Amino acid sequence: MTIEGFTAASREFFTRDALELAPDLLGCHLAHTTDDGTVGLIITEMEAYTGERDPGSHAFRGKTARNSTMFGEAGHLYAYFTYGMHYAINVVAGEVGHPYGCLVRAGRVIEGADLARRRRTKPARVSALPDRDLARGPGNLAQALGANLGNDGDDLIGGRWQLLVPDVKPADISTGPRVGVSGPGGDGDTFPWRYWITGDPTVSAYKPGAVRVRS
DNA sequence: CCAACGATTAACT
DNA sequence: GTTAATCGTTGGT
């Protein structure tokens with residue numbers, strides 16, 4: 001399926017430093033097809049993880065069974081499990097051997113919203129679930145897309161995943177410190193390696209941090 | 001082998 | 001704003 005105003009991503013698009021790729025993934029259309037159907041969304045929030053030089057990265061202490069996908073070819077999916085109950089997905093960036101990852105933190109569902117909602121309300125929910133919350137936060141986004149550990153290593157090119165790059169980039173992008181991560185300074189300093197589309201209601205609400213705008 | 005903790009979420013005060 | 005829920009991965013014993 002193609003969408004007006006978007007072009008399928010090439011391998012070269014992914015084969016860059018995470019700090020370049022993460023903001024460029026904002027505004028992209030990410031879709032996943034399973035036997036249950038397709039859910040597609042516009043990415044509204046990203047974070048960059050720069051491998052062995054980044055204390056916040058799963059790859060900071062080198063290659064392990066869990067993070068090995070990040071050391072492989074760019075454009076694949078690094079999926080992991082955390083907090084005993086949530087999955088999250090990263091887009092692998094950089095050359096082979098460089099464990100760069102871009103965490104997809106939030107998106108606006110524009111295709112298969114009914115399927116996404118079914119997945120997100122599987123265990124009965126007490127409160128109502130607004131459309132804007134369907135893929136708000138890394139764990140929620142993974143669940144809406146039907147992603148789990150079985151998707152670790154999936155290729156975003158040519159499989160059941162599809163990543164389309166917008167012909168026109170989002171006009172207004174904000175940056176700030178990543179969520180729940182300390183920076184290379186080690187003192188709790190954080191680097192502005194979180195990116196989001198300014199003012200978008202689907203962006204997760206945690207610790208806004210110092211906001212800067214770059215056009 | 002075992003204990004600690006996390007790139008979180010949802011509900012509650 | 002605070003906190004319980006929940007378990008795989010990691011790193012130290």
Side-chain angles (χ1 to χ4, degrees), chain A residues 17-19 21-23 25-26 30 41 43-71 74 76-94 98-107 109 116-154 174-186 188-196 201-209:
Chain A
D17 192 286
L19 294 176
L21 178 60
L25 284 169
L26 293 175
L30 175 65
L41 53 78
I43 297 173
T44 57
E45 181 184 1
M46 295 291 308
E47 278 180 5
Y49 289 85
T50 57
E52 279 135 330
R53 61 185 150 109
D54 179 359
S57 170
H58 288 169
F60 182 55
R61 290 182 174 76
K63 195 172 181 177
T64 66
R66 174 168 73 155
N67 66 27
S68 64
T69 298
M70 270 201 291
F71 287 78
H76 287 249
L77 215 54
Y78 165 48
Y80 67 88
F81 179 80
T82 191
Y83 284 101
M85 52 185 102
H86 300 297
Y87 300 103
I89 59 175
N90 292 245
V91 176
V92 176
H98 293 251
Y100 297 158
C102 299
L103 173 67
V104 187
R105 288 192 57 90
V109 176
R117 175 171 294 277
R118 248 176 285 139
R119 287 170 172 158
R120 290 276 286 107
T121 54
K122 207 60 182 268
R125 239 184 111 90
V126 175
S127 55
L129 179 62
D131 283 349
R132 72 173 52 170
D133 289 350
L134 285 175
R136 193 181 200 213
N140 292 335
L141 178 140
Q143 190 177 18
L145 285 172
N148 54 52
L149 279 188
N151 297 109
D152 183 43
D154 282 2
S174 297
T175 69
R178 292 176 298 184
V179 175
V181 173
S182 306
D189 293 342
T190 51
F191 282 64
W193 291 346
R194 178 184 180 216
Y195 311 87
W196 66 92
T202 65
V203 171
S204 64
Y206 308 111
K207 309 170 186 173

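Lettering follows sequence order; numbering is per chain, from 1. On a predicted model such as this, the values are computed, not experimentally measured, just so you know.
Residue M46(A) is classed as having no contact, given no heavy-atom separation below 4.0 Å to the nucleic acid. Here N140(A) lies in heavy-atom contact (under 4.0 Å) with sugar-phosphate atoms only.
For Q143(A) and dA10(B), the CD to P distance is 8 Å, given to the nearest whole Å. Put simply, CG on D54(A) is 10 Å from C1' on dA7(B), counting in whole angstrom units. Rounded to an integer number of Å, the gap from H58(A) NE2 to dG6(B) C1' is 7 Å. Rounded to whole angstrom, the span from the OH atom of Y78(A) across to the C1' atom of dT9(C) amounts to 9 Å. The nearest whole Å value for the distance from the CG atom in L129(A) to the P atom in dT9(B) is 13 Å. Spacing between atom NZ of K63(A) and atom P of dT10(C) amounts to 13 Å, rounded to whole angstrom units. Rounding to whole angstrom units, CG of residue N67(A) and C1' of dG11(C) are separated by 14 Å. Note: NE2 (H86(A)) to P (dG8(C)) measures 14 Å, nearest angstrom.
Listed for the E45(A) side chain is a donor-acceptor partner under 3.5 Å among the backbone atoms of S204(A). A donor-acceptor distance shorter than 3.5 angstrom exists from the side chain of D17(A) to the backbone of L19(A), with no hydrogens or angles considered. Side-chain N or O atoms of R136(A) include one that pairs as donor or acceptor with a backbone N or O of V203(A) at under 3.5 Å.
Checking dA11(B), dG11(C), dT9(B) against every side-chain atom of S127(A), the shortest atom distance belongs to dA11(B). With dA11(B), dA7(B), dG8(C) as the candidates, the nucleotide lying closest to the side chain of F81(A) is dG8(C). You'll find that the side chain of R120(A) is closest to dA10(B), out of dA7(B), dA10(B), dA11(B).
The cationic group of R178(A) does not satisfy the cation-pi geometry with Y195(A), failing either the under 6.0 Å distance to the six-membered ring centre or the 45° limit from the ring axis.
For dT10(C), neither phosphate oxygen OP1 nor OP2 lies less than 4.0 angstrom from any side-chain nitrogen or oxygen of R61(A). Regarding contacts with the backbone of dT8(B), every side-chain N or O of T82(A) stays at 4.0 angstrom or more from both OP1 and OP2.
dA7(B) has Y49(A) stacked on its base ring, the centres lying under 5.5 angstrom apart and the planes within 30 degrees of parallel. Applying the 5.5 angstrom centroid cut-off and the 30 degree plane-angle cut-off, the aromatic ring of Y83(A) is stacked upon the base of dG6(B).
Using the Watson-Crick or G-U wobble rule with both distances under 3.5 Å, dA7(B) pairs with nothing in any strand shown. Nucleotide dT6(C) forms a pair with no other nucleotide shown, judged by Watson-Crick or G-U wobble geometry with both contacts under 3.5 Å.
Residue M85(A) is the one, among L149(A) and M85(A), whose nearest nucleotide of DNA chain C lies closer to the 5' end (criterion: closest heavy atom).
Between H86(A) and F81(A), the gap from one ring centroid to the other reaches at least 6.0 Å.
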